[in-house]
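Report on one structure; see the data block that follows.
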Amino acid sequence: MTLLSPPRSSPRTGRTGRTGRRRPHRGLARRAAALAATGLAATGLAASALVAPTAAGAAQAPGDGPFPQRVALPDGFQPEGIAVGRGFAAYFGSRLDGDLYRANLRTGTGRVISQGPGTPSVGLKVDEQNRIFVSGGTAGDARVVKAGSGEVLAGYQLVDVPADSDAAFINDVVLTDDTAWFTDSENAQLFGLPLEGGDLPEADEVVRLPLGGEWEQAEGLNANGITATPDGKALLVVNSASGGLFRVDPATGDATQVNLGGAELTNGDGMLLEGRRLYVVQNRLNQVAVLRVAAGGRNGTLQRTLTSGQFDVPTTIARLGDRLYLPNARFSTPPTPTTEYWVTRVAVPRG
């Protein structure tokens, strides 16, 4: 694996990352719970520092009052991932060029905070140090960006990808107590950036975790959304191709399909875990499956399905207060520089 220095124009080569087995992770869910709490304790961003998105460089007045139902993203942006950070801030990545956009969910205004490398930014998460962990999609890489300034802190070439190939698709990321875990939708493997002590790893510390057990790799995109089990002892990964949800041992990569009582998560994409409630976005179905999963993540039940007339292929999900936010990738709409993109707000279901 290659560690890229922050300036994207001058990468340096690191040593090959280790593969194989690590000790079991304890308390995987604690970090996710702490990060979710930052959204619940919203304190606000200065609206004067933000502009509402229209065409590039243009500005307009905020939308329909506090916490608009629909948050506009820049025309032509092609969003995928979402991560809620400090205050009312939410971050979005562009599949087109990797730009990172920060929106104020209270006002609907926003701006690009980090110019992309010209390759996709897909799944995102923000940690307690206000760093954004970015999945690099077809580039086969991941990077870490300062949420405040947009400065690139580190980059990691997880898979060597020949030009114009589908050798990898680094799709989503979850932050546990000591690791940032990334999915690779094109290959039966996860990648982990060890974060013990909060420091970013060197290239040779990156973990490659092959998926085994009951995992079956099919044609197309497979491992997609990822989160921790409620008890924090394992990972949950949704397979977009099969519609199955899998419990993965982070020490061995052994994958066991979660018993959902016959429910299938077809087109499963981004996930959000809150206690034992698991939200799974089903992108092309324009819906979100709401499940209750056991503490160990070995079984679960489908409780309800969320829909909205404002969904147009939502991909990922995040929470702020009593609201859920989902960016719409609009995969079925041919992208142009003037194509509109937006984020849909829905209420957190009761019960």
Side-chain angles (χ1 to χ4, degrees), residues 28-29 32-33 35-40 67 69-71 79-84 90 105 123-125 171-175 183 223-232 234-248 256-329 342-351:
L28 295 182
L35 295 174
T38 64
L40 299 178
F67 301 104
Q69 192 81 26
R70 171 172 164 147
V71 177
E80 166 74 22
I82 180 175
V84 168
L105 296 179
L124 312 173
K125 289 294 184 297
N171 201 334
D172 201 7
V173 56
V174 64
L175 302 177
T183 56
N224 198 326
I226 184 171
T227 190
T229 56
D231 66 5
L235 301 166
L236 293 174
V237 179
V238 66
N239 188 316
S240 294
S242 70
L245 181 67
F246 291 82
R247 181 188 187 275
V248 177
T256 305
Q257 186 160 359
V258 179
N259 181 358
L260 299 179
E264 295 185 353
L265 301 175
T266 307
N267 299 135
D269 205 326
M271 300 196 294
L272 172 65
L273 179 73
E274 294 189 326
R276 294 193 181 184
R277 175 179 284 181
L278 177 65
Y279 298 94
V280 182
V281 182
Q282 295 178 273
N283 52 36
R284 292 185 183 272
L285 300 184
N286 287 310
Q287 64 186 34
V288 180
V290 184
L291 303 105
R292 180 173 175 81
V293 294
R298 299 182 187 278
N299 54 73
T301 56
L302 178 65
Q303 293 187 314
R304 68 187 76 189
T305 300
L306 306 180
T307 60
S308 169
Q310 288 294 311
F311 285 165
D312 192 347
V313 195
T315 47
T316 50
I317 184 170
R319 178 174 177 171
L320 180 68
D322 59 357
R323 307 167 183 90
L324 300 170
Y325 291 88
L326 299 93
N328 293 279
W342 66 90
V343 184
T344 299
R345 190 197 86 193
V346 297
V348 171
R350 297 181 179 179

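Because the structure is a prediction, the values reported are computed rather than measured. Note that the numbering runs from 1 along the sequence shown for the chain.
Here T316 contributes atom OG1 and I82 contributes atom CD1; the two are 6.0 Å apart, rounded to the nearest 0.5 Å. Taking CD from E264 and OG from S242, the interatomic distance works out to 8.5 Å, rounded to the nearest 0.5 Å. For the atom pair CG of L306 and CD of Q282, the computed distance is 10.5 Å after rounding to the nearest 0.5 Å. To the nearest 0.5 Å, atoms CD (E80) and CG (L124) are separated by 9.0 Å. Here the CG atom belonging to D172 is positioned 7.5 Å from the CD1 atom belonging to I226, to the nearest 0.5 angstrom. A distance of 10.5 Å separates CG in L291 from CG in L273, rounded to the nearest 0.5 Å.
In terms of heavy-atom proximity, K125 sits nearest to A83 at CA-CB, 3.8 Å. In this structure, V258 and G297 approach most closely via the heavy-atom pair CG2-O, 3.1 Å.
Cation-pi check for R323 over F67 is met; the charged atom lies under 6.0 angstrom from the ring centroid and within 45 degrees of its normal.
Side-chain contact annotation: Q303 with R292, donor-acceptor N/O pair under 3.5 Å absent.
Looking at V248 and L236, their side chains never come closer than 4.5 Å, going by heavy atoms from C-beta outward. Side-chain contact check for T307 versus N286: every heavy-atom pair is 4.5 Å or farther apart. Counting heavy atoms from C-beta on, the side chains of T256 and F246 never come closer than 4.5 Å. Between R319 and V348 the shortest side-chain heavy-atom distance falls below 4.5 Å.
Between N171 and the options D269, N224, T315, T183, a side-chain hydrogen bond (donor to acceptor under 3.5 Å, both in side chains) holds for only N224. Of the residues listed (T229, V174, T227), the one engaging L235 in a side chain to side chain contact (heavy atoms under 4.5 Å, CB included) is V174, and it is the only one. When each of V290, L272, L245, V238 is checked for a side chain to side chain contact (heavy atoms under 4.5 Å, CB included) with L278, only L245 meets the rule.
Taking the ring-ring contact (aromatic ring centres under 6.0 Å, His included) definition, one finds that Y325 meets it with nothing, sequence neighbours left out. By the side-chain hydrogen bond (donor to acceptor under 3.5 Å, both in side chains) test, Q310 pairs with R70, sequence neighbours left out. Taking N328 as the reference, F311, D312, P314, R330, W342, T344 meet the side chain to side chain contact (heavy atoms under 4.5 Å, CB included) condition, with sequence neighbours excluded.
At least one donor-acceptor pair under 3.5 Å links the side chain of R247 to the backbone N or O of G296.
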